[in-house]
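Each chain gets a letter, A, B and so on, in the order its sequence line appears, and its residues count up from 1.
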Number of protein chains: 2
Amino acid sequence: MANLKEPAARSYGQYCGLARAWDLVGDRWNLLIVRELLPGPLRFNELTTSLAGIATNLLTERLRALEAGGVVERRLGDRGILYALTPWGAELHTPMEALGRWAAPLLMSGRGADSFQPRWLVLALPALLHDVTCTATTEVGFNVEGLLIVLRIDESGPTAAIDPDQPPTTVLTAGPDVVVGLVAGGLTVEQAVAAGELTGDIEALHAAFTDERRL
Amino acid sequence: MANLKEPAARSYGQYCGLARAWDLVGDRWNLLIVRELLPGPLRFNELTTSLAGIATNLLTERLRALEAGGVVERRLGDRGILYALTPWGAELHTPMEALGRWAAPLLMSGRGADSFQPRWLVLALPALLHDVTCTATTEVGFNVEGLLIVLRIDESGPTAAIDPDQPPTTVLTAGPDVVVGLVAGGLTVEQAVAAGELTGDIEALHAAFTDERRL
DNA sequence: CCGCATCCTCATGGATACTG
DNA sequence: CAGTATCCATGAGGATGCGG
């Protein structure tokens with residue numbers, strides 16, 4: 001039975017780009033859904049587990065709204081439905097990275113009891129390292145909770161990706177607190193190594209970056 | 001009687017910069033309040049009228065939350081209380097401008113029945129003109145609904161301000177639709193002039209910008 | 001299992017009236 | 001002017017059901 005509830009579309013009614021963007025992606029969970037899809041398409045259930053706490057009906061409604069707004073698209077994958085960003089939706093990467101950078105001070109208090117997904121580092125690493133300069137193109141892998149996140153810095157700045165075809169030679173293993181601490185500048189490599197929470201090719205890590213950020 | 005409702009602080013509970021930023025500024029109206037304060041401090045009533053539609057209790061609650069989060073601060077001005085952004089709050093300018101730029105396609109449908117405040121152009125103009133190059137430092141004033149918005153483009157990019165001490169020599173008069181149309185590239189200067197909706201020193205306007213954006 | 005749809009409860013948002 | 005207090009509508013969160 002088709003009893004689709006109209007989402008009411010409560011709009012700010014303002015002739016302003018920010019307000020109109022907000023009408024589209026400002027509802028609760030929306031930006032976090034986009035964040036999940038930034039590294040690549042996901043299935044419905046992968047979204048529910050990664051977002052831990054969202055009600056399934058809400059996720060359905062939000063995905064529909066984002067699809068109607070041209071931010072998200074459904075694809076029929078091999079084993080079911082895949083949700084992916086449209087090209088325009090993927091361009092949200094820029095403002096979201098800027099917002100992640102603004103929020104750096106909020107990460108200094110540490111993880112606490114919060115949930116964490118290695119996937120989120122794909123947005124966070126480039127955001128936090130935005131001002132890092134690099135003498136040559138550099139790739140460093142972070143093995144976080146079994147998932148390989150590869151950070152790449154070249155002249156156009158830092159980017160990150162999940163499980164690329166070509167793994168980098170330098171791979172470090174560490175938990176989220178250590179990775180964020182290192183990247184946000186609140187922790188030195190020496191401190192992390194001394195605590196036994198950072199393992200891997202430390203020399204290569206030192207060589208990879210300038211001393212500016214102590215990484 | 002002190003019957004202050006505890007805002008409950010419903011958090012996403014995620015160790016992620018974006019999520020924590022959202023816990024702080026993601027509630028309804030929050031980012032629009034910040035947008036209002038970007039060009040300069042305002043009083044409570046100025047916020048209620050400019051945001052047209054926000055309930056006074058909500059505005060109170062949001063201002064308190066933003067103050068507690070270190071984004072907004074209260075100042076005691078000459079004639080009452082002024083709300084202003086903290087230095088960190090003002091840094092939201094960068095992600096908000098990026099979001100405004102992302103939302104450019106949403107402005108192409110025109111104003112419609114939406115409300116409008118010239119103040120909003122302080123964010124919108126630099127956002128939409130982000131990729132405009134300029135041979136020399138240029139200042140152009142837009143007189144919109146009686147308020148003078150001054151756009152300045154130099155080698156570090158475009159910025160805008162309200163009613164500066166030193167008004168520019170080139171001042172144009174136009175409504176919001178025309179200004180946005182010109183700046184977003186959906187309208188040529190000739191079209192705007194032909195419609196009688198753009199008046200002022202058009203020659204200077206032509207000379208001020210490159211032909212790239214037809215402005 | 002996966003991808004939803006329905007139902008229920010309670011927190012949040014919105015409009016209006018009122019006050020120091 | 002700068003908020004409070006109050007009431008009602010809406011939206012979020014959680015549990016459950018159900019066809020494929």
Side-chain angles (χ1 to χ4, degrees), chain A residues 1-14 19 22-23 25-33 36-37 41-68 72-84 115, chain B residues 1-14 19 22-33 36-37 41-67 72-84 115:
Chain A
M1 283 163 285
N3 191 356
L4 270 279
K5 277 257 184 67
E6 205 59 39
R10 186 176 44 177
S11 166
Y12 289 110
Q14 297 182 352
W22 226 238
D23 285 334
V25 298
D27 277 350
R28 193 165 166 78
W29 293 108
N30 269 347
L31 267 200
L32 300 188
I33 292 171
E36 294 303 320
L37 298 180
L42 289 178
R43 287 186 292 172
F44 189 90
N45 263 23
E46 295 174 313
L47 283 168
T48 59
T49 59
S50 193
L51 290 176
I54 190 171
T56 56
N57 55 351
L58 265 192
L59 180 56
T60 301
E61 184 197 303
R62 291 303 194 278
L63 286 169
R64 293 266 152 79
L66 289 172
E67 194 185 354
V72 161
E73 64 185 9
R74 286 157 156 261
R75 292 181 194 162
L76 285 158
D78 301 355
R79 304 182 298 273
I81 299 165
L82 281 177
Y83 291 94
S115 67
Chain B
M1 281 167 285
N3 192 357
L4 271 281
K5 279 257 183 66
E6 204 59 38
R10 186 176 44 179
S11 166
Y12 288 110
Q14 297 182 351
W22 225 238
D23 284 335
L24 192 53
V25 297
D27 277 350
R28 194 161 166 77
W29 293 108
N30 269 346
L31 266 201
L32 300 189
I33 292 171
E36 295 302 320
L37 298 181
L42 288 179
R43 288 185 291 171
F44 188 91
N45 265 21
E46 293 174 315
L47 283 167
T48 59
T49 59
S50 192
L51 291 175
I54 190 172
T56 55
N57 56 351
L58 266 191
L59 181 56
T60 300
E61 185 196 304
R62 293 291 130 84
L63 285 170
R64 293 267 151 79
L66 290 172
E67 194 185 353
V72 162
E73 63 184 10
R74 286 157 157 259
R75 292 181 192 163
L76 286 159
D78 301 355
R79 304 182 299 272
I81 299 165
L82 281 176
Y83 290 95
S115 66

Colleague: Please determine, for the side chain of A:Glu61, which listed nucleotide (D:dA2, C:dG13, D:dA12) has the closest atom?
Modeller: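 In terms of side-chain proximity for A:Glu61, the closest of D:dA2, C:dG13, D:dA12 is D:dA12.
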Colleague: Strictly below 4.0 Å: does A:Arg79 bring a side-chain N or O up to OP1 or OP2 of C:dC1?
Modeller: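 No, outside the criterion.
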Colleague: Any non-hydrogen side-chain atom of A:Tyr12 less than 4.5 Å from a side-chain atom of B:Leu51?
Modeller: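 A:Tyr12 vs B:Leu51: side chains apart.
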Colleague: At less than 4.0 Å, is any side-chain N or O atom of A:Tyr83 found next to OP1 or OP2 of C:dC2? Yes or no.
Modeller: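 No, because none of the side-chain N or O atoms of A:Tyr83 sits under 4.0 Å from OP1 or OP2 of C:dC2.
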Colleague: Please state how far atom CH2 in A:Trp22 lies from atom P in C:dG13, giving the value in whole angstrom units.
Modeller: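 Taking CH2 of A:Trp22 and P of C:dG13, I get 14 Å after rounding.
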Colleague: Checking all strands, does B:Arg43 fall into the base, sugar-phosphate, or nothing category for heavy-atom contacts under 4.0 angstrom?
Modeller: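 The residue B:Arg43 makes sugar-phosphate contact but no base contact.
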Colleague: May I ask you to evaluate whether B:Arg10 reaches the phosphate of D:dA12, defined as a side-chain N or O under 4.0 Å from OP1 or OP2?
Modeller: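 So the side chain of B:Arg10 is outside the cut-off, no N or O lying under 4.0 Å from OP1 or OP2 of D:dA12.
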Colleague: Please report the interatomic distance CD(A:Glu46) to OH(A:Tyr83), rounded to the nearest 0.5 Å.
Modeller: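 Here the interatomic distance stands at 12.0 Å.
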Colleague: In terms of the nearest nucleotide of DNA chain C, which residue is placed more toward the 5' end: B:Trp29 or A:Arg74?
Modeller: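 Going by which nucleotide is closer to the 5' end, it is A:Arg74.
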Colleague: Using a cut-off of 4.0 Å on non-hydrogen atoms, how would the nucleic acid contact of A:Thr60 be classed: base, sugar-phosphate, or nothing?
Modeller: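 A:Thr60: backbone/sugar contact only, no base atoms under 4.0 Å.
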Colleague: How far apart are the closest heavy atoms of B:Ala84 and B:Arg75, and which atoms are they?
Modeller: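 Closest approach of B:Ala84 to B:Arg75: CB-CZ, 3.5 Å.
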Colleague: Do the side chains of A:Arg43 and A:Arg79 get nearer than 4.5 Å, heavy atoms only?
Modeller: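 A side-chain contact exists here, since the closest heavy-atom pair is under 4.5 Å.
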Colleague: In what stems does DNA chain D take part, counting only runs of at least 3 consecutive Watson-Crick or G-U pairs whose two distances fall under 3.5 Å?
Modeller: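 Ordered by first number, the stems with DNA chain D (at least 3 consecutive pairs each) read C:1-20 with D:1-20.
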Colleague: When the distance from CD of B:Glu67 to C1' of D:dG3 is rounded to whole Å, what number comes out?
Modeller: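 My rounded result for the distance is 14 Å.
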Colleague: Taking all heavy atoms of A:Leu59 and all of A:Ile33, pick out the closest pair and write down the distance.
Modeller: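 For A:Leu59 versus A:Ile33, the nearest heavy atoms are CD1-CD1, 3.7 Å.
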Colleague: Which heavy-atom pair separates A:Leu58 from A:Ile54 by the least distance, and what is that distance?
Modeller: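 Looks like CB-CG1, 4.1 Å.
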Colleague: Can you confirm whether B:Leu82 sits close enough to B:Leu76 that some side-chain heavy atom of one is under 4.5 Å from a side-chain heavy atom of the other?
Modeller: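 Of all side-chain heavy-atom pairs linking B:Leu76 with B:Leu82, none is under 4.5 Å.
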Colleague: Can you measure B:Leu58 atom CG to D:dA5 atom C1' for me and round it to whole angstrom units?
Modeller: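 Rounded to whole Å, this separation is 14 Å.
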Colleague: In this structure, how many angstroms lie between the P atom of D:dA2 and the CG atom of B:Leu63, rounded?
Modeller: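 One finds 11 Å between P of D:dA2 and CG of B:Leu63, rounded.
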Colleague: Looking at side-chain heavy atoms only, is the closest gap between A:Phe44 and A:Leu63 below 4.5 Å?
Modeller: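 A side-chain contact under 4.5 Å exists here.
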Colleague: Is there a side-chain contact between B:Tyr12 and the phosphate of D:dG13, meaning an N or O under 4.0 Å from OP1 or OP2?
Modeller: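 For D:dG13, OP1/OP2 do not have a side-chain N/O of B:Tyr12 under 4.0 Å.
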Colleague: Using a heavy-atom cut-off of 4.0 Å across all strands, would you classify B:Leu59 as base, sugar-phosphate, or nothing?
Modeller: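 Touches nothing.
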Colleague: What is the separation between atom CZ on B:Arg28 and atom P on D:dG11, rounded to the nearest whole Å?
Modeller: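 To the nearest whole Å, that distance equals 9 Å.
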Colleague: In residues 44-54 of chain A, which residues come under 4.0 Å of DNA chain C by heavy atom?
Modeller: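 Those residues whose heavy atoms fall under 4.0 Å from DNA chain C, taken from residues 44-54 of chain A in numerical order, are A:Phe44, A:Asn45.
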Colleague: Mark yes or no for whether A:Arg62, through its side chain, and A:Arg28, through its backbone, hold a donor-acceptor pair below 3.5 Å.
Modeller: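 Judged by distance alone, yes, a pair lies under 3.5 Å.
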Colleague: Roughly, in whole Å, what's the span from CD1 in B:Ile33 to P in C:dG13?
Modeller: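 My rounded result for the distance is 11 Å.
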Colleague: Between A:Arg74 and A:Arg64, what is the shortest heavy-atom contact and its length?
Modeller: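 Smallest interatomic distance, heavy atoms only, reads NH2-NH2, 3.1 Å.
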Colleague: Distances under 3.5 Å only, N/O to N/O: pair up the protein atoms with those of nucleotides 15-20 of chain D.
Modeller:
none

Colleague: What is the separation between atom CG on A:Asp27 and atom P on D:dA12, rounded to the nearest whole Å?
Modeller: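 Taking atom P of D:dA12 as the reference, CG of A:Asp27 is at 6 Å.
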Colleague: Whole-Å distance between D:dA2 P and B:Arg64 CZ?
Modeller: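 Taking atom P of D:dA2 as the reference, CZ of B:Arg64 is at 13 Å.
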Colleague: Do A:Glu61 and A:Asn57 come within less than 4.5 Å of each other through their side chains, counting heavy atoms only?
Modeller: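 No, their side chains stay 4.5 Å or more apart.
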Colleague: Answer whether the closest heavy-atom distance between the side chains of B:Leu47 and B:Leu37 falls below 4.5 Å.
Modeller: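 In short, these two side chains touch, coming nearer than 4.5 Å.
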